[in-house]
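So you know, we letter chains A, B, ... as the sequences are listed, proteins then strands, and number each from 1.
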Amino acid sequence: MSVPVRKFDAVIVGAGGAGLRAALQLSEAGLKTAVLSKVFPTRSHTVAAQGGVSASLGNSEPDHWHWHMYDTVKGSDWLGDQDAIEFMCREAPNVVVELEHFGMPFDRNADGSIYQRPFGGHMSNFGEKPVRRACAAADRTGHAMLHALYQRNVRANTQFFVEWMALDLVRDEQGNVQGVVAMEMETSEVYVFQAKATLFATGGAGRIFASSTNAFINTGDGLGMAARAGIPLEDMEFWQFHPTGVAGAGVLITEGVRGEGGILRNSAGERFMERYAPNAKDLASRDVVSRAMVTEINEGRGCGPNKDHVLLDITHLDPEVIKSKLPGIREISIKFANVDPIKAPIPVVPTCHYQMGGIPTNYKGEVIVDEKPVTGFYAAGEVACASVHGANRLGTNSLLDLLVFGKSSGNSMIDFIKTAPKDLPVLAMADVERSLARVERLNQQSNGTQVNDARAAMQATMQKHCGVFRFKDMLAEGVAKILEVEKMVKTIEIADKSKTFNTARLEALELENLIEVAKATMISADARTESRGAHVRDDAEDTPERPNGRDDANWLKHTLWHRDGNQLKYKPVTMKPLSVDTIALKTRSY
Amino acid sequence: MTTRTVKFSIYRFDPEKDAKPYMKDYTVELDSTDRKLLDALVKLKVVDDAISFRRSCREGVCGSDAMNINGKNGLACVTDIDTLKQPIQIRPLPGLPVVRDLIVDMTQFFKQYHSIKPYVINDTPAPDRERLQSPEDREELNGLYECILCACCSTSCPSFWWNPDKFVGPAGLLAAYRFIADTRDTATNERLDNLEDPYRLFRCHSIMNCVDVCPKELNPTKAIGKIKDLMVKRIA
């Protein structure tokens, strides 16, 4: 079968923060770069980030990248790789200042410097007390950042392919990556984008869960494509449940609300976080706060007629502060919770928010399999696992991740492209044909499963069996159930066969990606018989040798799920930073 | 869970099989948790998977699901179903070519946005740290930078309908003023030159449809007025 081929130096899949930051490096270096995105770039999910991007600028009080590094390692429950974490925290001030130079409309202090607010888990002097490290543009930091990055790419003449969906990765017989197969959404035409270097910056996959802060587009496309191409997925059992999603709606309420002084209260009006985290209180790490909230609800201290949520209270704040620093939150509360937070507290509940795991990379953005880079393949942002977030990500470290690793992967790609042969190699057709067959199967399928039925079954299974608290029996049952759902996905069918902007077909192709993520998550979670960060299970007991159920003797290691046979392998955590001493293991408390 | 029945009339057009567009009636059962128009459209798509529309964040910040709702442009994800008169009439944004159903071709809209050079221009060497900006100067950007490029405004503007290739439109002009107003931008004169034309700026006749429909409650007309003031001052 013949497929049109378009040739580039680099192809980037995804135009959120990481993809745009990488594209800027490549465009400014004069390389022929294609950026593919399912949506117009400013509609990417980075747009929904609210609270801030962390950097130890120290604009309001003393701060240091080493403290930031310590907090990130501790936040990760020691599962983060310390070389990557050092790299990220040291680079943070540079990339944030650079972003300001690109035109990012940060809020300002009286002296004209970038405004910074406190955020969960970010402390001064190696865990002493909360520090102002989150650089913010009101509570619309992601929106401001995504637009600034897009605008800078307009200036750099980056070539965008808007509303193109990448379908599959193309590897040759040696496993080298040659590009992607992609579909133009408006026409359903399929092309190969061949390039010397390919970057996945496709974001997260929160849509595997029924309740998520994530956009509809967050369907784990990069993860699905990587898994089908034989790339393992790392640490997929670790999903962050954000403490404050609007109850019932799932829409995010930034931790910046607590950074500005917001307080979580139970049905008795009690500030319950004082019991769970006496030092950091409401600004403890996200996994800690989410578990505290679920515990309150499970013990009957939830609010509302069904006692199924808690309240986020900012009624004690100056209304002017709410209007100037949290205008977007006020808008969301009024629209989605029918509550003006100046007058009444916001009903909130922990909601799936972020995947800590992803495609295994190093801090240069190179994809690493069997301790070696996969030639021509890079990943950055939420789809990647560098691993800087380990078992639990700190708020504001995701926007930082996009900037630091978007840039570093762009630089790695430039170095690689400069040394690669001038002419592209002969295109290997096996993966291309596999991809075409996937589309063709969908066009031909009849008497199969409805896309919505299979997706709903997956989301309900993930929500019930793999949530904030996990249970041994439920996980085992969850594995069996999700493998049943996989069978459903194999026969999904669509009624709409039109070639013109067929969103039914796109949703079906997305579901084929989501199911890979769901399997990776459930199977990895079932196997990890300890509690660490966001992964907490009932059979991992809190003992002196295993504080909080964390079992460093057996589980201080990264999971690698392989699609082929659902095999699990493991690799060690990098405990050695680049220049400073290892941040030694200790019991995590806030 | 309490349910209710809601009636819709939706614009349908698939160029592959339809000679011309038509309105199709739908009735959908909604749960009490289905509050927004987008919730209903997602439910409808389960029944008829051919209904085509864009959507992403479902919280009014990505700008994907702009459409014409009972005659007024808005975002489906932040529009309450129960405030709408039934049958709820849903059409694509007016004035742009329809690709299919509620999906319009936004090329012209983005072309105008790009035409105003939507990025900070400052050729002075950047300092090692951030460029300083006072909180007061930063405040000038409020009401400008929050635009989500949904196109509700430009596609409600008669001047844009008539001259989408010549008139920048409210969204593009709001962006133009966002950069003029930024103390870090040094290209005000160049930006005003770029708009000095019978159409690009001056086709705005202050009809204010843009203000009426903006889902982010921004005021493009005010921003356009400020650009016009700067033009006049420059001549004086």
Side-chain angles (χ1 to χ4, degrees), chain A residues 39-40 42-45 47-48 57 96-98 100-103 105-115 137-138 140 142-144 147-148 150-152 154-155 162 186 215-217 248-252 324 328 331-332 335-336 450-452 494-496 498-504 507, chain B residues 14-17 33 35-36 42 45-46 48-64 78 80 99-101 103 105-106 110 114 117-122 126-135 137-139 141-142 145-149 178-179 182 184-185 216-217:
Chain A
V39 294
F40 185 77
T42 63
R43 317 218 188 285
S44 308
H45 195 53
V47 81
L57 298 175
V96 167
V97 165
E98 227 168 37
E100 194 281 329
H101 294 161
F102 294 165
F106 281 114
D107 285 359
R108 301 291 172 154
N109 296 313
D111 67 357
S113 62
I114 294 171
Y115 170 79
R140 303 186 176 106
H143 169 276
H147 280 251
Y150 175 68
Q151 290 159 355
R152 191 73 175 184
V154 171
R155 180 178 177 269
V162 174
E186 188 174 329
F216 280 102
I217 56 170
V251 177
L252 174 69
S324 66
E331 185 185 326
I332 283 174
K335 282 180 178 152
F336 289 94
Q450 298 301 307
V451 172
N452 189 65
I494 49 176
D496 180 12
S498 171
K499 286 178 85 74
T500 306
F501 219 118
N502 187 325
T503 49
E507 286 187 28
Chain B
D14 179 351
E16 276 178 41
K17 57 185 178 65
T33 52
R35 292 180 50 209
K36 304 295 177 189
V42 168
K45 195 168 171 62
V46 173
D48 178 354
D49 72 358
I51 299 177
S52 306
F53 53 92
R54 295 187 176 102
R55 84 284 180 268
S56 183
C57 75
R58 60 84 170 84
E59 58 190 62
V61 71
C62 80
S64 297
V78 294
D80 280 318
V99 176
R100 181 180 176 179
D101 296 347
I103 297 173
D105 179 350
M106 296 186 67
F110 288 123
H114 292 148
K117 298 193 176 175
Y119 40 84
V120 165
I121 299 173
N122 187 332
D128 288 341
R129 59 173 303 177
E130 67 265 47
R131 291 184 197 275
L132 300 180
Q133 184 174 49
S134 72
D137 285 343
R138 166 61 183 79
E139 210 173 307
L141 306 183
N142 287 348
Y145 83 96
E146 302 93 326
C147 173
I148 58 174
L149 299 176
R178 177 250 174 273
F179 292 101
D182 196 325
R184 298 170 298 174
D185 188 277
K216 305 309 283 184
E217 297 178 9

* **Which atom of B:Pro127 lies closest to which atom of A:His101, heavy atoms considered** => O-CE1, 3.1 Å

* Stepwise, does the salt bridge (Lys or Arg N to Asp or Glu O under 4.0 Å) test hold for A:Glu100 with B:Arg138? -> CA-CA 12 Å; A:Glu100 194 281 329; B:Arg138 166 61 183 79; over 6 Å; no

* Which atoms of B:Glu146 approach chain A - backbone, side chain, both or neither, heavy atom under 4.5 Å -> both

* Please flag which part of B:Lys117 lies under 4.5 Å from any non-hydrogen atom of chain A: side chain, backbone, both or neither. => neither

* For chain B, find which of A:Gln450, A:Arg108, A:Arg140 contributes the most heavy-atom pairs closer than 4.5 angstrom. => A:Arg108

* Heavy-atom pairs under 4.5 Å with chain A are the metric here; pick the option from B:Asp14, B:Leu141, B:Asp101 that has the most. => B:Asp14

* In terms of heavy-atom proximity below 4.5 Å to chain A, should B:Arg184 be classed as side chain, backbone, both, or neither? -> side chain

* Asked: What do the steps show when you test A:Asn502 against B:Arg100 for side chain to side chain contact (heavy atoms under 4.5 Å, CB included), and what is the final call?
  -> CA-CA 9 Å; A:Asn502 187 325; B:Arg100 181 180 176 179; 4.2 Å; yes

* Do the side chains of A:Phe336 and B:Glu59 get nearer than 4.5 Å, heavy atoms only? -> yes

* Side chain, backbone, both or neither of B:Ile51 within contact of chain A (heavy atoms, under 4.5 Å) -> backbone

* **Contacts of type side-chain hydrogen bond (donor to acceptor under 3.5 Å, both in side chains), residue B:Glu16, not counting sequence neighbours** => A:Ser498, A:Thr500

* **Residue part contacting chain A, namely of B:Lys17, when any heavy atom lies under 4.5 Å** => neither

* Side chain from CB out, backbone as N, CA, C, O: work out which of these in B:Ile103 comes under 4.5 Å of a heavy atom of chain A, or both, or neither. => side chain

* Side chain proximity check, A:Val39 to B:Cys62, heavy atoms < 4.5 angstrom -> no

* Structure fact -> From the list A:His45, A:Glu331, A:Arg152, the residue making the most non-hydrogen contacts under 4.5 Å with chain B is A:Glu331

* To do: Indicate the atoms forming the closest heavy-atom contact of B:Ser64 with A:Arg43, along with that distance.
  => OG-CD, 3.0 Å

* **Toward chain A, the part of B:Phe53 with a non-hydrogen atom under 4.5 Å** => backbone

* Asked: What part of B:Pro15 is in contact with chain A, defined as an atom under 4.5 angstrom from a non-hydrogen atom: side chain, backbone, both or neither?
  -> side chain

* What is the ring orientation for B:Phe110 with A:Phe40, classed by angle as parallel under 30°, tilted 30 to 60°, or perpendicular over 60°? -> parallel

* **B:Asp128 versus chain A, the contacting section by heavy-atom distance below 4.5 Å** => backbone

* **Note, A:Thr503 side chain near B:Arg55 side chain (heavy atom, < 4.5 Å)** => no

* Which bit of B:Arg58 is near chain A, if near means a heavy-atom gap under 4.5 Å: side chain, backbone, both or neither? -> both

* For chain A, which of B:Ser56, B:Cys57, B:Pro135 has the most heavy-atom pairs under 4.5 Å? -> B:Ser56

* Asked: Among B:Ala50, B:Ser134, B:Ser52, who wins on heavy-atom pairs under 4.5 Å with chain A?
  -> B:Ala50

